Colleague: 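Sharing a structure with you now.
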Amino acid sequence: MLVSKLLLPTLKDSPQEAEIVSHQLMLRAGLIRKVASGIYTWLPLGLKVLKKIENIVREEMDLSGAQEVCMPMVLPRELWEETNRWEKMGPELLRIKDRHNRDFCLGPTHEEIITDIIRNNVKSYKELPLNIYQIQTKFRDEVRPRYGIMRGREFLMKDSYSFNIDEESLQETYLTMRETYKKILDRIGLEYKISRADSGSIGGDSSEEFHVLAENGEDIIAISDSSEFAVNSELLLKDGEDISSLEGKPSPDGQGTIQIKKGIEVGHIFKLGKIYAESMKASVLDSNGKASLLYMGCYGIGVSRLVAAAIEQNYDDKGIIWHHSISPFDINIISIGHDKNKEIATASNKLYKDLNEMGYSVLLDDRKDGYGTKIKDSELIGIPLNIVVGKKFLENKEIELLRRNGDSSMNPIDDVKTILDFFKD
RNA sequence: CGGGGUAUAGCGCAGUCUGGUAGCGCACUCGCUUUGGGAGCGAGUGGUCGUAAGUUCGAAUCUUACUACCCCGACCA
C-alpha cells in the first residue's frame with residue numbers, strides 16, 4: 001500500500017476526549033474515529049489490526065475443533081423470555097421494535113439463540129460434544145462506556161458455546177478452550193494472567209478470566225509472586241477490607257505472597273452447567289435412550305478490546321509498538337525524495353514489489369514529505385520494521401533497517417536475506 | 001442514575017469575567033525552494049462560536065432550558 005493513497009489521518013495532538021494511552025494512540029494513529037459514545041468506526045489501519053487478531057482467534061478456534069457460525073444481531077424477545085433474561089438484563093439490553101410493533105433487542109450475547117439451534121437440530125448424544133462459535137459485533141448499552149474501544153457499547157467478540165452430554169465432557173471442552181486462549185494470547189505476544197472469577201449474571205458453576213496486565217486495566221487482580229495463582233481481587237476481600245491490604249499476604253494457594261496488579265479482561269470462560277438447558281428444555285437422548293439435559297459452557301474473547309489491550313501493554317512516547325503478529329503492516333519503506341529522485345523512487349518501488357511478492361505486507365511512504373514526518377508517522381502507527389531509502393543509498397547503495405525498538409543497521413540494498421533475518425523476532 | 005467538567009475551523013487552543021459582529025499554532029490548497037528526525041518563503045481555503053429561546057441598538061460573550069461528549073462513583077460477558 002502506498003501511504004499517499006491510504007486513509008491515514010494521523011494527529012500530532014491528542015484529542016481532549018481521550019484520557020488513556022490506548023484511546024489517545026488509536027485516535028492519533030488513525031485507527032478509529034468516534035461516531036457516538038462507545039461506538040466507533042474502524043479506519044483502514046485499525047481494521048487491519050482487528051482482522052489480524054480476528055484471524056488468529058479463528059485459526060486457533062478451528063484447530064481446537066470448534067465450528068464457526070454467524071447468528072443474527074437482532075434477536076426476538078420471545079427467546080429471551082425463555083430464560084427470563086428479557087427482564088433480568090435490564091437497560092443494558094438495547095430494545096427496538098419492528099414495524100409490526102414486535103419487540104427485539106440487539107444481541108449482547110447469544111446463549112439463547114445457539115441453545116435454540118441446538119435443541120432443534122441435535123437429537124443424540126452421539127452428535128456431541130459440539131463447540132460452536134462466532135466472531136460478531138455485539139451491543140451492550142453500558143451504564144458508562146469509556147476509554148474508547150476498551151469499554152465500548154458496540155464491540156467485536158468471539159463467543160463460543162459448547163454442548164456436552166455430561167460434566168466430564170464439559171470439563172474436557174473447558175480445558176481445551178483454556179489452552180486455546182493461552183495459544184491465542186501467546187501468539188499476539190501479550191503478558192497475561194488467568195484468574196478465578198465471579199461468574200456474574202450469566203450464571204453457572206465456575207469461570208476464569210484472562211487478564212492482560214496493564215496500568216490502565218479496569219480490573220484488579222491478586223497474583224502470587226511465585227506461582228501461576230491469580231484471582232479477581234473481589235473474591236479475596238472481606239467486607240470493608242481494602243484492596244491494598246492484600247498486598248504481601250500469603251497467597252491462598254500456599255505459594256509465595258500476593259501482588260496486586262491491574263488487568264484488562266480480554267477473555268472469560270464459563271462452565272454453565274445445565275441452567276440454560278433447563279430453562280430452555282434442551283436435551284438429547286443419552287445412551288439409554290432417555291432424554292438428558294445438555295451441559296453447556298461458554299467462552300468469550302473481546303476481539304476489539306484486544307486491540308486496545310495490546311496497545312496498553314506495548315507503547316512508548318513515540319507511539320504504538322505492535323507485535324509483528326498483529327501489526328497492520330510488516331514493513332514500511334521510507335523513501336526520501338521519492339517524488340523528485342528517480343534513482344530512489346526506482347529502488348524503493350522495486351523493494352516494495354519484491355517484498356510484497358515474498359509475502360510481506362508492505363507500506364511504501366511515497367509522500368512528498370521529509371524523513372522526519374515519515375519516521376514520526378511510522379513510529380506512531382507502530383510498524384515493526386522501517387527500511388530507509390535515502391542519501392546513503394545514493395552514496396553507496398545502502399539502506400537502513402530501522403526497527404521500532406530502535407535497533408538499526410546499514411545494509412546493501414540487495415541483501416534481502418538480512419532484511420528477512422532482521423525482521424524475525 | 002449521583003458528583004465534577006467540557007463544547008469556538010480537521011486537531012490543539014485564545015477570546016467569555018468587562019457585549020461592538022471571530023483569532024493563533026498545526027493541518028489543508030497553489031507556487032517556488034527543500035528532503036536522514038514533524039522544512040522555509042509567499043499567496044490562499046475553511047467556523048450559522050453545541051441547540052433553542054430570551055435580554056439588548058448589538059450576543060461567542062449576559063439569562064434560561066435542552067443536547068452531546070469526557071472523568072469519578074454505582075454497574076459490567
Side-chain angles (χ1 to χ4, degrees), chain A residues 7-20 23-24 27-28 30 33-39 85 88-93 107-111 136 138-148 150-153 155-161 197-204 207-210 216 218-219 232 234 264-270 272 297-305 318-319 334-341 344-345 365-380 386-395 398-400 402 406 408 410:
Chain A
L7 176 60
L8 178 63
T10 56
L11 302 169
K12 279 190 194 173
D13 302 309
S14 270
Q16 66 168 170
E17 71 186 45
E19 198 92 346
I20 66 165
H23 190 192
Q24 292 176 341
L27 290 168
R28 287 188 52 210
R33 285 295 181 265
K34 184 176 67 186
V35 174
S37 182
I39 299 176
R85 288 212 292 181
K88 262 201 280 185
M89 295 285 287
E92 192 172 314
L93 205 56
T109 178
H110 286 246
E111 283 81 5
Q136 188 218 34
K138 296 276 186 282
F139 195 96
R140 292 181 192 171
D141 201 355
E142 291 279 347
V143 180
R144 182 151 87 88
R146 64 186 127 170
Y147 304 149
M150 190 96 87
R151 177 173 294 281
R153 293 191 288 175
F155 57 99
L156 191 66
M157 172 172 166
K158 187 285 300 179
D159 49 326
S160 50
Y161 307 90
D198 188 355
S199 49
S201 76
I202 205 161
S207 75
E208 288 174 298
E209 294 169 342
F210 288 72
N216 283 315
E218 289 189 88
D219 295 284
N232 195 306
E234 297 158 16
I264 301 163
E265 184 193 345
V266 295
H268 205 154
I269 54 178
F270 293 85
L272 295 171
C298 75
Y299 319 93
I301 277 196
V303 177
S304 49
R305 184 180 282 181
K318 294 171 177 168
I334 294 183
S335 183
I336 304 167
H338 190 88
D339 57 315
K340 291 277 172 63
N341 191 305
I344 282 177
D365 199 337
D366 58 335
R367 293 176 299 178
K368 294 179 181 177
D369 299 277
Y371 177 72
T373 301
K374 294 185 179 187
I375 192 68
K376 290 283 183 193
D377 270 348
S378 190
E379 285 166 341
L380 177 60
N386 293 291
I387 299 178
V388 185
V389 184
K391 200 177 282 173
K392 304 283 169 51
F393 172 74
L394 295 177
E395 286 166 7
E398 281 195 333
I399 54 174
E400 182 183 3
L402 179 60
S408 82
M410 297 302 303

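Every chain is numbered from 1, with letters handed out A, B, ... down the list of sequences. This is a predicted model, so every value here is computed, not measured.
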Colleague: Watson-Crick or G-U wobble partner for B:U61, using a 3.5 Å limit on both distances?
Modeller: none
Colleague: Considering every strand and a 4.0 Å limit on heavy-atom distances, what is the contact class for A:Glu379: base, sugar-phosphate, or nothing?
Modeller: base
Colleague: Measure from the side chain of A:Lys340, starting at C-beta and using heavy atoms only, and say which of B:G38, B:C76, B:U35 lies closest.
Modeller: B:U35
Colleague: Taking any strand in view, what nucleotide pairs with B:G73 in a Watson-Crick or G-U wobble way, both distances under 3.5 Å?
Modeller: B:C1
Colleague: Could you tell me if the side chain of A:Phe393 sits less than 4.5 Å from the side chain of A:Val388, heavy atoms only?
Modeller: no
Colleague: Just jot down the side-chain contact (heavy atoms from CB on, under 4.5 Å) partners of A:Glu218, sequence neighbours excluded, or say none.
Modeller: A:Arg146, A:Tyr147, A:Met150, A:Arg151
Colleague: Provide the Watson-Crick or G-U wobble partner of B:U56, both distances under 3.5 Å; none if there is no partner.
Modeller: none
Colleague: Taking the side chain as every heavy atom from C-beta outward, state whether A:Ile375 and A:Leu402 have any atom pair closer than 4.5 Å.
Modeller: yes
Colleague: Nearest whole angstrom, please: distance from the C1' of B:A68 to the NZ of A:Lys34.
Modeller: 8 Å
Colleague: Would you mind telling me which of B:G37, B:G38, B:U35 lies closest to the side-chain atoms of A:Asp377?
Modeller: B:G38
Colleague: Can you tell me if A:Arg144 touches the phosphate of B:C72, counting only side-chain N or O atoms and a distance under 4.0 Å to OP1 or OP2?
Modeller: yes
Colleague: Go through the structure and list residues passing salt bridge (Lys or Arg N to Asp or Glu O under 4.0 Å) with A:Glu92, not counting sequence neighbours.
Modeller: none
Colleague: Has A:Tyr147 got a side-chain N or O lying under 4.0 Å from the OP1 or OP2 atom of B:C69?
Modeller: no
Colleague: Strictly by Watson-Crick or wobble contacts shorter than 3.5 Å, is anything paired with B:G44, and which nucleotide is it?
Modeller: B:C28
Colleague: Just to verify, what does A:Glu209 make a salt bridge (Lys or Arg N to Asp or Glu O under 4.0 Å) with, not counting sequence neighbours?
Modeller: none
Colleague: What residues form a ring-ring contact (aromatic ring centres under 6.0 Å, His included) with A:Tyr161, not counting sequence neighbours?
Modeller: none
Colleague: Using both distances under 3.5 Å as the test, list the Watson-Crick or G-U wobble partner of B:C13, or none.
Modeller: B:G23
Colleague: Considering heavy-atom distances to RNA chain B, does A:Lys158 or A:Ala18 have its closest nucleotide positioned more toward the 5' end?
Modeller: A:Ala18
Colleague: Using the closest heavy atom to pick a nucleotide of RNA chain B for each, name whichever of A:Met157 or A:Phe393 lands nearer the 5' end.
Modeller: A:Phe393
Colleague: Whom does B:U35 pair with, Watson-Crick or G-U wobble, provided both distances fall under 3.5 Å?
Modeller: none
Colleague: Taking the P atom of each, how far is B:U8 from B:C13, in whole Å?
Modeller: 10 Å
Colleague: Polar pairs (N or O, both sides) under 3.5 Å between protein and nucleotides 10-14 of chain B?
Modeller:
{"unit_1": "B:C11", "atom_1": "O2'", "unit_2": "A:Asp13", "atom_2": "O", "d": "3.3"}
{"unit_1": "B:G12", "atom_1": "OP1", "unit_2": "A:Gln16", "atom_2": "N", "d": "2.6"}

Colleague: Partners of A:Lys340 by salt bridge (Lys or Arg N to Asp or Glu O under 4.0 Å), sequence neighbours excluded?
Modeller: none
Colleague: If you look at every strand shown and take non-hydrogen atoms under 4.0 Å, does A:Asp369 touch a base, only sugar-phosphate, or nothing?
Modeller: base
Colleague: Give A:Asp159 one of three labels, base, sugar-phosphate or nothing, depending on what nucleic acid heavy atoms sit under 4.0 Å from its own.
Modeller: nothing
Colleague: Would you mind classifying the nucleic acid contact of A:Gly302 as base, sugar-phosphate or nothing, using non-hydrogen atoms under 4.0 angstrom?
Modeller: base
Colleague: What is the base-pairing partner of B:G50, counting Watson-Crick and G-U wobble geometry with both distances under 3.5 Å?
Modeller: B:C66
Colleague: According to salt bridge (Lys or Arg N to Asp or Glu O under 4.0 Å), who are the partners of A:Lys34, at least two apart in sequence or on a separate chain?
Modeller: A:Glu17
Colleague: Report, one pair per line, the protein and nucleotides 39-47 of chain B atoms (nitrogen or oxygen only) whose separation is under 3.5 Å.
Modeller:
none

Colleague: Set out, in order, the CA-CA distance, both residues' side-chain angles and the distance that settles side-chain contact (heavy atoms from CB on, under 4.5 Å) for A:His110 and A:Lys138, then state yes or no.
Modeller: CA-CA 9 Å; A:His110 286 246; A:Lys138 296 276 186 282; 3.4 Å; yes
Colleague: What residues, two or more places apart in sequence or in another chain, satisfy side-chain contact (heavy atoms from CB on, under 4.5 Å) together with A:Lys318?
Modeller: A:Asp316, A:Glu379, A:Arg404
Colleague: How far does the P atom of B:G31 sit from the matching atom of B:A7, given to the nearest Å?
Modeller: 38 Å
Colleague: Just to be sure I understand the rule, does A:Lys138 reach a base, reach only the sugar-phosphate, or reach nothing, if contact means heavy atoms closer than 4.0 Å?
Modeller: nothing
